[in-house]
Amino acid sequence: MSTLFTNARLIDPEAGEKRGALLIENGRVSAVIESGELPQAAEVIDCRGKCLAPGIVDLGVKVSEPGERHKESFASAGRAAAAGGVTTIVTRPDTTPAIDTPETLEFVVRRAREDSPVRVLPMAALTKGRDGREMTEIGFLKDAGAVAFTDCDRVATDTKVFSRALSYARSLDALVMAHVQEPGLSRGAVVTSGKFASLRGLPGVSPMAERMALDRDIALLEMTGARYHADQITTARALPALERAKRNGLDITAGVSVHHLTLNELDVADYRSFFKLKPPLRSEEDRQAVGEALASGLIDILCSMHTPQDEESKRLPFEEAASGAVGLETLLPASMRLVHGGVIDLPGLFRALSLNPSKRLGLETGRLSKGAPADLVWFDPDAPFVLDRATLRSKSRNTPFDGARLEGKVLGTWIAGRSVTETA
C-alpha cells in the first residue's frame, strides 16, 4: 500500500519547512519530493496547502487504567490522541495500583494494544507504590516494555533511596523522569505564592521550590551519571541551573506542559478549579521566560501532561479540588498560540512536540526523513474555533480551554501510513 501526500507544507523538525509532497510505502516515508514529476501511488491525498508534520509524541499522559477507568480508558485516550494529532502516548504509572510490577505492566501493554488506535509506550514506577522507600525491579520492568521510570508527582524525600535508584537505572541505561518540587515547601500549596495568592487567600508555594528540587537532582546526577528528565520546568529561577547542568555535560533533559506556556496564575481568577494544576500556574514573567527557553532549546520537550479528573473531583472548593487537566486534543491548537505569538516557529514547535521526545526515548518517530515511520498529522494552523469541552473524546473533560478561542485544527492522523481518524 502506498500513499502520496501532495501540495503540502512539510514541517520537518530537522530540515525546516518546505513545500512539496511525501510518498509513503509499507508504513514508512519512502520519498520527500520538493519538485519534479510526482510518482504513482495507490492513494493520493491533496493537503490543500496545509501542514503535514510528524505525529506528536506526548510524554507524560495519564490513562486511568487500572483502577479509575471511569476517568479515562485506553480506548478513550487513544481516540482523543488521534483527534489531536498525537500518534504516540507515553503513559504515566500513577494508576491504582501503581504500575510497579511486571504483571501490572503486562496488563497495561495488553490493554493498550487491544484498545488504543495510537501507539502506547508505558512508563513504570521507580519505587514500589511510588512511596520512595524501595526500588522497583527496574530490569524486569524494562524487559517487560517500560520506556522510563518515574514516581510522577511524588517526590522522593529519602535521598539515599533516590540516589541508589539513579545508580541502578544508570547501570541498565534506563531513563528516570522526576517531578521537581521541594516537597516540604510545596506541601498543601495550590497556587504560586505572591500578591495574587494573598488576595485570594490561597496557600502558595515559592518558585524557589522548583529550583531547590532541581538543584538536588542535579547534584545526584553528578554523583550517579544517570539519564534524567525533569517532567516540568515552569519557573525562570530553575533555568540557570538547567543550563549549567547541560553545559557541564550531564545527561539531562527537561519538559514543560502546554498549560504552563499558555496560561498564568491570574487565570485562576474566581477560584476556577479547572485551572488548578501541579505545579500551579506561574507568573506571566515565568511563563514568558519558559517560552523563550523552549524556543532556544534549553527546555527540550513540550507535552500535554494529560491528567483526567471527573466532575466530582473538580467541582469542589479550589483547595479541595483535584489537580490536573486533560490535554491530548488541545495540545496542538494550544501550542499554536506560541507560533502565532512569535515565540517559536513550526519546525521548532515540532522539535519539542515530536523529535526531541522521540530522541530521548530512542524512537525512530518524530521525523519526515526517508525511512522514518509514517506517523503523521495533517493540520490547518490558522483555522479558528471556539473549544466546547462537550465535544472532547476523553472520558473526563477537565480542560481550562473550555470556551477559549483557539487556532489550529487537525485534519487527519496516520499511524505507520494508516489513517486513524477521519479527514476533513
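For the single chain, residues carry numbers from 1 onward in sequence order. Every heavy atom of this structure was used, including side-chain atoms; hydrogens, water molecules and symmetry mates were not.
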_Nearest 0.5 Å, please: how far is CD in E319 from OG in S273?_
12.5 Å
_What I'd like to find out is whether the side chain of L266 reaches to under 4.5 Å of the side chain of E284, using heavy atoms alone._
no
*Could you tell me whether D158 and R133 make a salt bridge, using a distance below 4.0 angstrom between a side-chain N and a carboxylate O?*
no
_Side-chain heavy-atom pair M177, D151 within 4.5 angstrom cut-off_ = no
*Any chance you could measure T330, atom OG1, to R389, atom CZ, to the nearest 0.5 Å?*
13.0 Å
*Could you walk me through whether H259 and F275 pass the ring pair (Phe, Tyr, Trp, His ring centres under 6.0 Å) check?*
CA-CA 9 Å; H259 301 109; F275 291 83; 9.0 Å; no
_Pair D402-T399, side chain to side chain donor-acceptor pair (under 3.5 Å): steps then yes or no_ = CA-CA 6 Å; D402 185 36; T399 173; over 6 Å; no
*In terms of side-chain geometry, is the basic nitrogen of D115 or R110 positioned less than 4.0 Å from the acidic oxygen of its partner?*
no
*Hey, what do you get for CD1 (I344) to CD (E292), rounding to the nearest 0.5 Å?*
11.5 Å
*asked:* Would you say that more than 12 heavy atoms from the other residues, nucleotides or ligands in this model lie under 6.0 Å from the CZ of F107, or not?
replied: yes
*Could you walk me through whether E137 and T101 pass the side-chain contact (heavy atoms from CB on, under 4.5 Å) test, one step at a time?*
CA-CA 7 Å; E137 296 171 325; T101 65; 5.9 Å; no
_Option from K359, R351, R367, K370 for which salt bridge (charged side-chain N to carboxylate O under 4.0 Å, His left out) with E14 holds_ = R367
*Between CZ on residue R119 and CZ on residue R113, distance to nearest 0.5 Å*: 14.0 Å
*Over all atoms of both residues, closest heavy-atom pair of L349 and S335*: CD1-CB, 3.8 Å
*What closest approach, in Å, do L214 and A238 show between heavy atoms, and which atom pair accounts for it?*
CD2-O, 3.5 Å
*Could you give me the CA-CA distance, side-chain angles and deciding distance for L376 and L22, then say whether side-chain contact (heavy atoms from CB on, under 4.5 Å) is met?*
CA-CA 11 Å; L376 305 169; L22 200 69; 4.0 Å; yes
*Close side-chain approach of D58 and M305, heavy atoms under 4.5 Å*: no
_How close do D100 and G129 get, counting heavy atoms only, and between which atoms?_
OD2-N, 2.8 Å
*asked:* Could you walk me through whether D217 and Y228 satisfy the side chain to side chain donor-acceptor pair (under 3.5 Å) test, starting with their C-alpha distance in whole Å, then the side-chain angles of each, then the deciding distance to 0.1 Å, before giving a yes or no?
replied: CA-CA 9 Å; D217 288 4; Y228 175 94; 2.6 Å; yes
*Using 4.0 Å as the upper bound for N to carboxylate O, is an ion pair formed by R360 and D251?*
yes
*Quick one: are M212 and R216 in side-chain contact, heavy atoms under 4.5 Å?*
no
_Over 12 non-hydrogen atoms of neighbours within 6.0 angstrom of CZ in R170_ = no
*Scan side-chain atoms only and decide if R92 and T307 contain a donor-acceptor pair under the 3.5 Å cut-off.*
yes
*With respect to T234, which candidate in E210, R287, Q181, H260 satisfies the side chain to side chain donor-acceptor pair (under 3.5 Å) definition?*
E210
*Hey, are D153 and K278 close enough for a salt bridge, meaning a charged N less than 4.0 Å from a carboxylate O?*
yes
_Residues K62 and E72 bridged, charged N to O under 4.0 Å_ = no
*asked:* Apply side chain to side chain donor-acceptor pair (under 3.5 Å) to residues T365 and S358 and explain how you reach the verdict.
replied: CA-CA 6 Å; T365 51; S358 297; 2.8 Å; yes
*Between R9 and P381, which heavy-atom pair has the shortest distance, and what is it?*
NH1-CG, 3.7 Å
_Euclidean distance, E17 CD relative to L10 CG, rounded to 0.5 Å_ = 8.5 Å
_Neighbour count >12 (heavy atoms, 6.0 Å) for atom CZ, R164_ = no
*Report yes if some heavy atom in the side chain of R154 is under 4.5 Å from a heavy atom in the side chain of D131; otherwise report no.*
yes
*Determine whether M123 and F149 make a side-chain contact, defined as any pair of heavy atoms from C-beta on separated by less than 4.5 Å.*
no
*What distance do M135 atom CE and L126 atom CG have between them, rounded to the nearest 0.5 Å?*
8.5 Å
*Check S419 against W414 and note the closest heavy-atom contact, atom names and distance.*
N-CD1, 3.3 Å
*asked:* salt bridge (Lys or Arg N to Asp or Glu O under 4.0 Å) for D300 and K246? Distances and angles first, verdict last.
replied: CA-CA 11 Å; D300 308 86; K246 287 191 168 189; 2.8 Å; yes
_salt bridge (Lys or Arg N to Asp or Glu O under 4.0 Å) assessment of E265 paired with R282_ = CA-CA 5 Å; E265 61 186 352; R282 305 302 193 180; over 6 Å; no
*Which heavy-atom pair separates P93 from T150 by the least distance, and what is that distance?*
CG-O, 3.3 Å
*Take F379 and F350 through the ring pair (Phe, Tyr, Trp, His ring centres under 6.0 Å) test and state the conclusion after the steps.*
CA-CA 13 Å; F379 67 100; F350 275 87; 5.6 Å; yes
_With a 4.0 Å cut-off on N to O distance, would you call R211 and D215 a salt bridge?_
yes
*Taking the side chain as C-beta and beyond, is there a heavy-atom pair between K395 and H70 under 4.5 Å?*
no
_F401 vs L263 side-chain heavy atoms within contact, under 4.5 Å_ = yes
*Indicate yes or no for a side-chain donor-acceptor contact from H306 to the backbone of G327 under 3.5 Å, with no hydrogens or angles considered.*
yes
*Between D380 and K50, does at least one N-O distance fall below 4.0 Å, as a salt bridge requires?*
yes
